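Everything on this sheet refers to the single structure shown next.
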Amino acid sequence: MRIGMLTGGGDCPGLNAVIRAAVRKGEDVYGHIFVGFRYGWRGVMEYETMNLTRAETRGILPRGGTILGSSRTNPYKSDDGAARVLETLHRERIDALIAIGGEDTLGVANKLGADWPHIVGVPKTIDNDLSATDFTFGFNTSVQIATDAIDRLHTTAESHDRVMVVEVMGRHAGWIATYAGIAGGADVILVPEEPFDISEVCANIQKRHQRGANFSIVVVAEGAVPVEGTMTLQAGEVDDFGHVRLGGIGSQLASEIETRTGYETRETVLGHVLRGGTPSAFDRVLATRFGVEAIDAVNEGDFGKMVALRGPDIIRVPLEEAVSELKTVDPKLFDTAAVFFG
Ligand code: F6P
């Protein structure tokens with residue numbers, strides 16, 4: 001078979017491990033040939049390909065990013081986008097496509113499935129917000145990076161009697177904020193799932209300081225939203241999938257906290273640092289298992305599926321089901337985090 005592979009959306013640690021695993025088993029065990037499409041769906045639309053053999057994928061297991069490149073191109077945004085995708089697949093004589101991505105990239109895969117059903121999806125995103133899988137690879141690494149940063153901010157916050165606001169990624173779901181907040185001992189965690197009231201945030205910090213603490217750590221997901229009418233957030237640009245570019249809530253929050261409480265407050269935006277660098281051991285293993293399962297699914301002709309982690313097992317779920325709903329933070333987990341607020 002000639003198998004296409006692409007990585008779309010925001011990159012994350014572990015993408016190269018999936019590519020390596022699929023190519024290794026596909027070539028060695030099944031004798032398939034791979035074609036890499038550059039920059040996600042853009043490469044299929046614009047016919048940008050690269051060789052993807054065992055040689056090209058050697059040594060990439062611990063490497064962050066993606067050797068294929070990535071973009072947020074949505075073929076369905078332009079009138080002839082889907083037709084150009086189909087033309088490239090035909091021209092390259094592609095028998096099957098492995099699409100590695102999050103809600104947007106896999107959403108396109110699902111839509112394309114109506115015209116060209118030979119697709120298998122692999123879930124990736126540091127945000128961990130895909131509902132059909134317990135975890136996406138990249139999440140574990142980003143939580144560790146955020147936790148390390150919070151630990152470092154703790155010591156400097158303590159030295160200077162400051163409030164530290166740490167902004168982490170998390171567009172629709174606050175998984176990174178919640179996990180890293182619990183692991184790093186945050187005093188306040190703000191997530192998109194639970195609109196926050198700035199007066200309550202400040203009251204919590206003041207209560208803590210009245211009890212003798214001289215510093216506080218606030219972890220905020222970039223997609224956190226204030227209760228309507230309590231604080232106005234700046235709006236950013238919109239991408240091909242209609243998502244606003246986020247980043248900036250940390251700074252607004254820090255200035256509100258300082259003004260309202262009188263405590264000196266600083267912000268740190270971790271942003272893309274959370275997506276960079278080498279994947280954790282957990283993510284390398286998960287990505288490798290996903291890559292192997294994806295090529296097995298292709299080999300068996302089990303298309304229209306996404307590989308997923310369920311408990312200890314790697315399973316396959318219908319792509320349609322996988323992209324139908326986002327996985328938001330479990331309220332019980334957030335309640336656990338909230339025990340330590342204030
Ligand atoms: O989707 C993953 C993510 O990391 C989001 O948390 C974030 O909002 C977005 O990507 C930012 O991506 P970029 O700046 O690359 O467009």
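Remember, it's a predicted structure, so these values are computed and weren't measured experimentally. First listed ligand is number 1; within each ligand, the first listed atom is number 1.
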Exercise. Starting from atom 15 (O) of ligand 1, which protein heavy atom do you reach first, and at what distance in Å?
Worked result: R275 NH2, 2.8 Å
Exercise. Under 4.0 Å from any heavy atom of R171, which atoms of ligand 1 are there?
Worked result: 6 (O), 8 (O)
Exercise. Counting distance only, does the side-chain N/O of R310 pair as donor-acceptor with the main-chain N or O of A132 below 3.5 Å?
Worked result: yes
Exercise. So, are D240 and R72 salt-bridged, with charged N and O less than 4.0 Å apart?
Worked result: no
Exercise. Under 6.0 Å between the ring centres of F282 and F137?
Worked result: no
Exercise. Among protein heavy atoms, which lies nearest atom 14 (O) of ligand 1, and at what distance?
Worked result: H272 NE2, 2.8 Å
For this session: Determine, considering heavy atoms only, which of D127, I176, D104 sits nearest to atom 6 (O) of ligand 1.
Result: D127
Exercise. Does an N or O anywhere in R72 fall below 3.5 Å from an N or O of ligand 1?
Worked result: yes
For this session: Just let me know how E222 lines up against ligand 1, side chain, backbone, both or neither, with a heavy-atom cut-off below 4.0 Å.
Result: side chain
For this session: Would you check if the distance from the ring center of F215 to the ring center of H160 is below 6.0 Å?
Result: no
Exercise. Does E48 offer a backbone N or O that forms a donor-acceptor pair with the side chain of R38 under 3.5 Å?
Worked result: no
For this session: State if G102 counts as touching ligand 1 under the rule of any non-hydrogen atom under 4.0 Å.
Result: no
For this session: Please write down residue, atom name and distance for the protein heavy atom closest to atom 4 (O) of ligand 1.
Result: M169 SD, 2.9 Å
Exercise. Within the distance-only criterion (no hydrogens, no angle test), does the side chain of D283 pair as donor or acceptor with the backbone N or O of G138 below 3.5 angstrom?
Worked result: yes
